[in-house]
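Here is the structure we will look at.
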Amino acid sequence: MNHAEPLVRFSGVQKTYDGVQLVVRALDLDIQRGEFLSLLGPSGSGKTTTLMMLAGFESPTAGDILLDGRPITGTPPHKRNFGMVFQNYALFPHLSVGQNVAYPLTVRKVSRSEQAERVAKALDMVRLSGMAERLPSQLSGGQQQRVALARALVFNPQLVLMDEPLGALDKQLREHMQLELKELHQRLGVTFVYVTHDQSEALTMSDRVAVFNEGVVQQLADVSALYETPANRFVAGFVGDSTLLNGTLELRSGQAFLVLPDGRRLAGVHVGAGTSGGRAEACVRPERIVLHTAAAAPAGQVLRATVVRSIYHGDHVRLMCDVGAGQELATVRVVRGHAGACPLPQGGEAVLLEFPPASTRIYAAPALH
Ligand code: ADP
Ligand code: MG
């Protein structure tokens, strides 16, 4: 086995259910050994279909899926030996927790004594030691999902597939389980492929994220690159918050500008294709915009704006600001208690918003079709 090669490779994979609409189009995707990879995208973007093809429950209409360099397209699901946890991948209600976790070992004809040992270890791993005799109905939702996880891990699979496994849990438990999953992944060194529509969940847990839209991977990157340097307008809008400004693109001596409808210009980083005069959007993260009082004369590029409202978030405040020129409100994230920070402006107050060029990403608007 060549360890430099990816564990899984999707090569030119396509999928259509009805013979007309491609729900996965020309997918080329490498999954590296030991990584935590999330497939992130809105509902209907093809994430579950991609995972189901990897699991073997669906077959690609075209292309190949390789495991360790060998095509597995004809291998049935149970022979692929992957662990699986789905939102509705229910436990057997009439079997105890221990019996549920032992199930994959029973199927694989593992001896009784080894089963007992492995089940105890798996339950310990998900912190459910002592619960082996209970029935699933006697556990909370979060505990049941941990049993499902123990069942997916008990036979030491090299790959674990998860599809929105935390979707049914309340926010607090979900965030707790995210940290537990990440910790477990680091401890075990197993490869995780995780489907979610929740961008903060993907950012919290993953090494890398593949952002799906309309059956196409829009960007595959590690989490910080995804957030700091979105490859296109879709990714910029889907992952994290952005302030969006609409205007036209101006390219002049190697520098890109967004020209607002009222003629004000902002220099920024030009991303992707686009020509001068075309419609464009600038995206700026709320924490990258620097707030100045209207009386200041900052050296950077600034837009005059009026505070419309402030939203209290405890550890920070979000100011919604009207920059005029028919734009949507700009969102500025202000951390309070900074030494030297100006006092928080009130609604109606005039401010100056500084848009650092390096953080102002200008995307040409996609061609209408
Ligand atoms: P996601 O998991 O990103 O929400 P899916 O992969 O479930 O997306 O679905 C992608 C598209 O394929 C959707 O338009 C969905 O309606 C369609 N689809 C999914 N499963 C089936 C199926 N078994 N039969 C027909 N169409 C399906
Ligand atoms: Mg899905």
Side-chain angles (χ1 to χ4, degrees), residues 8-31 35-65 72-78 80 82-90 141 144-145 148-149 152 159-171 174 177-178 181 191-206 208-221 223 226 230-240 366 369:
V8 173
R9 167 165 288 171
F10 286 80
S11 175
V13 170
Q14 292 190 349
K15 177 69 179 177
T16 173
Y17 289 103
D18 57 9
V20 179
Q21 192 207 357
L22 286 177
V23 301
V24 173
R25 319 177 196 204
L27 176 64
D28 294 310
L29 173 66
D30 284 356
I31 301 171
E35 76 172 324
F36 194 131
L37 174 74
S38 287
L39 314 184
L40 170 70
S43 172
S45 58
K47 310 177 300 289
T48 293
T49 300
T50 299
L51 202 73
M52 287 297 124
M53 289 191 288
L54 179 52
F57 295 116
E58 293 289 350
S59 7
T61 313
D64 272 315
I65 303 174
I72 51 166
T73 318
T75 311
H78 65 278
R80 297 190 184 193
F82 302 155
M84 283 179 257
V85 189
F86 302 142
Q87 185 176 334
N88 300 315
Y89 200 60
Q144 289 183 27
Q145 216 37 336
L149 189 61
L159 182 57
V160 179
L161 310 182
M162 289 177 271
D163 194 345
E164 314 256 5
L166 310 181
L169 307 180
D170 66 46
K171 183 171 186 288
R174 201 164 62 230
M177 288 291 294
Q178 287 167 9
L181 273 177
T191 310
F192 278 20
V193 181
Y194 190 97
V195 164
T196 180
H197 66 274
D198 179 337
Q199 49 99 9
S200 85
E201 181 161 290
L203 291 182
T204 303
M205 292 194 291
S206 318
R208 292 196 306 161
V209 178
V211 181
F212 277 68
N213 191 40
E214 298 183 340
V216 176
V217 173
Q218 305 288 319
Q219 187 170 9
L220 171 62
V223 290
L226 194 66
N232 59 39
R233 167 69 185 80
F234 176 82
V235 177
F238 194 76
V239 180
H369 48 196

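Start at 1 and go down the list; that is how both ligands and their atoms are numbered. What you see is a predicted model, and the numbers here were worked out from it, not measured in a lab.
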Thr49 and ligand 1 - part of the residue with a heavy-atom distance under 4.0 Å: both
Shortest non-hydrogen separation from Leu166 to Arg174 and the atoms involved: O-CD, 3.3 Å
Side-chain donor or acceptor of Lys47 paired with backbone N/O of Tyr194 under 3.5 Å: no
CZ/Arg9: more than 12 non-hydrogen atoms of other groups inside 6.0 Å: no
Taking atom 23 (N) of ligand 1 as the reference point, the nearest protein heavy atom with its distance: Tyr17 CE2, 3.6 Å
Gly41 to ligand 1, any heavy atom closer than 4.0 Å: no
Numbered atoms and elements of ligand 1 in range of Ser45, under 4.0 angstrom, heavy atoms: 1 (P), 3 (O), 8 (O)
Parallel, tilted or perpendicular: ring planes of Phe86 versus Phe57, cut at 30 and 60 degrees: perpendicular
Nearest atoms (heavy-atom pairs only) where Val223 meets Ser206: CG1-O, 3.6 Å
Gly44 N/O to ligand 1 N/O under 3.5 Å: yes
Under 3.5 Å donor-acceptor, Arg25 side chain and Glu214 backbone: yes
Any protein heavy atom nearer than 4.0 Å to atom 7 (O) of ligand 1: yes
Ser11 side chain to Asp64 side chain, donor-acceptor N/O pair below 3.5 angstrom: no
Interfacing atoms of ligand 1 (cut-off 4.0 Å, heavy-atom, Gly46): 1 (P), 3 (O), 6 (O), 8 (O), 10 (C)
Atom 3 (O) of ligand 1: the protein heavy-atom neighbour that sits closest, reported with distance to 0.1 Å: Lys47 NZ, 2.8 Å
N or O contact, Gln21 vs ligand 1, cut-off under 3.5 Å: no
Distance flag for atom 11 (C) of ligand 1, protein heavy atom under 4.0 Å: yes
Atoms in ligand 1 with a heavy atom of Ser43 nearer than 4.0 Å: 4 (O)
The Mg ion (ligand 2) to nearest N/O/S of Thr48 less than 2.8 Å: yes
From Thr196, Leu149, Val195, residue fulfilling side-chain contact (heavy atoms from CB on, under 4.5 Å) relative to Met162: Leu149
Non-hydrogen atom of Pro42 closer than 4.0 Å to ligand 1: yes
Donor-acceptor under 3.5 Å (Gln219 side chain, Val211 main chain): no
